[in-house]
Amino acid sequence: MPKVELHLHLEGAAPPAFIRGLAKERGIDISGIFDAAGNYRYDGFGEFLKVYEAATEPLRSPQDYYRLTRAVLAESAAHGVIYSETFLSPDFCGGADLAAWKEYLHAMQEAAAEAEAADGIILRGIVTCIRHFGPDRARAVARCAAETAGDWITGFGIAGDELAGKPADFAWSFDMAREAGLRLTAHAGEWQGPDGIRDALRDLRVERIGHGVRAIEDLALVDELAENGVVLEVCPGSNVALGVCRDWRAHPIGRLFDRGVKVTVSTDDPPFFHTTMSHEFDRLAETFDWDAGVFATLNRTAAEAAFCDEETRARVLKQLETA
Ligand code: ADE
Ligand code: ZN
């Protein structure tokens, strides 16, 4: 089944073997972030963020990001993804320096064009600031986003530690991105409850929410999300692996869907959570007894909410329809 994925962190999708190989080439010792089987090793969200950042250390040049983008898209395409949006972090691509960012971006776009020619997978980029790096750094990231906004960089977002600061601290950056024509999403309702989602919607004026699953703790908010057509980028395997949800059965995606919220399905950081888009679809099918019709709805919702131009959206919707 073809799939549309809206929430994927490029560095978070890096296969551990790829990062290990690069670290070896560069003479960097990050062996502590891997377990005996060679997978990423962490305990809890705080450590996850540290391991994630350590894994970006060997990524030091635009060419490294070219290779990373090719590797990630090959994996996505192998699991049936036909359209993907990936969070890109100028923080890790030249320290949020605009000239450096443009070089990294050029390399990623080249890789994406080659992947599209080879496998048909379409990629768009969402420039993302990191909440625990603070509002000043976010402004530099927003400037990188605004200066490169266009057909390929189509969105702006925020990830990182949701318990650091508050959405209003980042309003300046989101205003700048909006004025540059970028579409907006924010991680919220993953580690904070319903108020974190309300704050992001009010203070950042985003149209999509990354995760948003803790909306389920406030049914009035759930109904508001449904009425206003706010799209949730739900990553069930990530939520289970990080302990946001006890297990797949307890995951609120089914209840959110049944109550009319526009939910979509993504992997977030697939190798960290031992998941793929195929795995997410399979687990959802077995957990909630969802049939092909439900997955067609999820894919259509994602395509309609994608931060791409209308011609690209029409192409993706057509591919979904004919599948
Ligand atoms: N960055 C990468 N994955 C993330 C997650 N699940 N939450 C917040 N920031 C992230
Ligand atoms: Zn995420």
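Numbers here simply count residues along the sequence, with the first being 1. For ligands, and for the atoms within them, numbers begin at 1 and follow the listed sequence.
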- Give a yes or no on whether H211 keeps an N, O or S atom under 2.8 Å from the Zn ion (ligand 2). no

- Message: Looking only at protein heavy atoms, which one is nearest to atom 7 (N) of ligand 1, and what is the separation?
- Response: E190 OE1, 2.8 Å

- Task: Can you pull out the closest protein heavy atom to atom 3 (N) of ligand 1? Residue, atom name and distance to 0.1 Å, please.
- Result: D269 OD2, 2.7 Å

- Query: Is the H79-H279 ring centre distance short of 6.0 angstrom?
  - Reply: no

- Is there a side-chain contact between R131 and F170 (heavy atoms, below 4.5 Å)? yes

- Message: Quick check on contacts: which atoms of ligand 1 are under 4.0 angstrom from a heavy atom of A159?
- Response: 9 (N)

- Task: May I ask whether F45 has any heavy atom positioned less than 4.0 angstrom from an atom of ligand 1?
- Result: yes

- Are D218 and R198 within salt-bridge range, i.e. N to O under 4.0 Å? yes

- Query: Do you see a donor-acceptor pair shorter than 3.5 Å between the side chains of R283 and T275?
  - Reply: no

- Task: State the atom name: nearest N, O or S atom of D268 to the Zn ion (ligand 2).
- Result: OD1

- Query: Hey, is H211 one of the residues with a heavy atom under 4.0 angstrom from ligand 1?
  - Reply: yes

- Message: Quick test of your reading of the model: are R214 and E162 salt-bridged, counting only N-O distances below 4.0 Å?
- Response: no

- Task: Take atom CG of D291 as the centre, draw a 6.0 Å sphere, and report whether it contains more than 12 heavy atoms from other residues, nucleotides or ligands.
- Result: yes

- If you take all heavy atoms of L320 and A303, which pair is closest and at what distance? CD1-CB, 4.0 Å

- Pick whichever of A13, G160, A241, G12 has a heavy atom sitting closest to atom 8 (C) of ligand 1. G160

- Quick one: which of H187, H211, H7 gives a side-chain hydrogen bond (donor to acceptor under 3.5 Å, both in side chains) with E233? H7

- Query: Of the protein's non-hydrogen atoms, which lies at the shortest distance from atom 1 (N) of ligand 1, and what is that distance?
  - Reply: H9 CE1, 3.5 Å

- Task: List every atom of ligand 1 that sits less than 4.0 Å from any heavy atom of Y52, numbering the atoms from 1 in the order shown and giving each element.
- Result: 2 (C)

- Query: Does the pair K166/D199 count as a salt bridge with the N-to-O cut at 4.0 Å?
  - Reply: no

- Tell me which part of D268 gets within contact of ligand 1: side chain, backbone, both or neither, using heavy atoms under 4.0 Å. side chain

- Query: Looking at ligand 1, does F87 have a heavy atom less than 4.0 Å from it?
  - Reply: no

- Calculate the angle formed at the Zn ion (ligand 2) by NE2 in H9 and NE2 in H187; 10° precision is enough. 100°

